Amino acid sequence: MSKIILTGDRPTGRLHLGHYVGSLKRRVELQNSGEFDKIFIMIADAQALTDNADNPEKVRQNIIEVALDYLSAGLDPEKSDIFIQSQIPQLTELTFYYMNLVTVSRLQRNPTVKNEILMRNFEASIPVGFFTYPISQASDITAFKATTVPVGEDQEPMIEQAREIVRKFNSVYGDTLVEPNILLPDNKACLRLPGTDGKAKMSKSLGNCIYLSDTEAEVKRKVMSMYTDPEHIRVEDPGKIEGNCVFIYLDAFSTKEDFEEFLPDYANLDELKEHYKRGGLGDVKVKKFLIRVLNRQLEPIRQKRHMYEKDIPGVYDILQKGTKAAYEVAQQTLEEVKAAMKINYFDDKELIKIQSEKYKSID
Ligand code: TRP
């Protein structure tokens, strides 16, 4: 069986470090591993509209931002098809049929939906489109027969729901769809990178993000004001590592080379942590190290972004080519789905023959 990747992001803002360590960095590695037959990366504008229906301009503006972030982080249009969700109408059509296979109560139990309803103050007024977006996400995945979906931990319930839809579809209509597997980051700190304020999640609305496109100076400013251990006041005080953003970020980003080059007094992160816990290590020193660690990873991304920013029509071309390739694959799957559901009347020679026979026998 082919190995196929499908994943994507909502274009509601530029991508940040949470996106990067949660999924984007991994995608680039998988792309370059050469182990996959096909890689589809989707800009989920239709999904973004499920809770931004009154603000299409925001979604429209951010499509290019996300595309620039993708390309600058190393997604290569020669190896991955980058496409725009709303331009693949087959996805909407699949969603309509999958809706018959999912109950309202199952959607209500989806933890991601539950959580997002809370975050968006949607309790009493959830748009139907928003409520059903897990079904639409199952269409995104199955339309490409994706075997592997690299995403952050928050997407786990979505992939589970997609797997259920596949099993249900295949059991009702016969083997047609492929059950996807989630691929989570293997580094615990990357599973859910907290915001710079220590809140559970990096999120644009909380204003606690470091963006891939932030300048060196912005990264510096954000790290210097980062949440650490509020009880670690004087350098001599023993400090706490748990819930301390600076150390969580170092867990997610620092490498052996970073220590060798920027902080050779410590062999590795464990030694640095031990010193902090003992006392005698100030926040500023650790923060300065983190700034260098982050900037080392972000600098090549920034440079690549500047290059692509000079050729925006070229970026739209890349999206259009990717969308065309995605369209063809989704169309093929839709045809198989409709044949399995027996709603392919005009292609079904057998049906026409049977119906003719039925009426022949009448006269
Ligand atoms: N829900 C994802 C997010 O918010 C975006 C997304 C839409 C997606 N469809 C997908 C991710 C299919 C993986 C597979 O980030």
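Counting starts at 1 for both ligands and their atoms, in listed order. Being a predicted model, the structure only gives us computed values, none of them experimental.
- The residues K342 and D348 are annotated as not salt-bridged, no charged nitrogen and carboxylate oxygen being separated by less than 4.0 angstrom.
- Within the structure, the ring-ring contact (aromatic ring centres under 6.0 Å, His included) test picks out no pair touching residues 51-78 (sequence neighbours left out).
- With sequence neighbours excluded, the residues forming a side chain to side chain contact (heavy atoms under 4.5 Å, CB included) with D283 are T228, H232, Y276, listed by chain and number.
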Protein N/O near ligand 1 N/O, under 3.5 Å, which pairs?
from, atom 1, to, atom 2, distance (Å)
ligand 1, 1 (N), Q47, OE1, 2.7
ligand 1, 1 (N), Q137, OE1, 3.0
ligand 1, 1 (N), Q155, OE1, 3.0
ligand 1, 4 (O), R10, NE, 3.4
ligand 1, 9 (N), D140, OD2, 2.8

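- The ring of F259 has its center closer than 6.0 angstrom to the ring center of F289.
- The aromatic rings of F144 and F40 sit tilted, their planes meeting at an angle between 30° and 60°.
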Only distances under 3.5 Å count here; give the side-chain donor-acceptor pairs of residues 20-29 to other protein atoms, sequence neighbours excluded, each with its distance to 0.1 Å.
from, atom 1, to, atom 2, distance (Å)
S23, OG, R27, NE, 3.0
S23, OG, R27, NH2, 3.0
S23, OG, P150, O, 3.2
R26, NH1, L184, O, 2.9
R27, NH1, D9, OD2, 3.1
R27, NH2, D9, OD2, 2.9

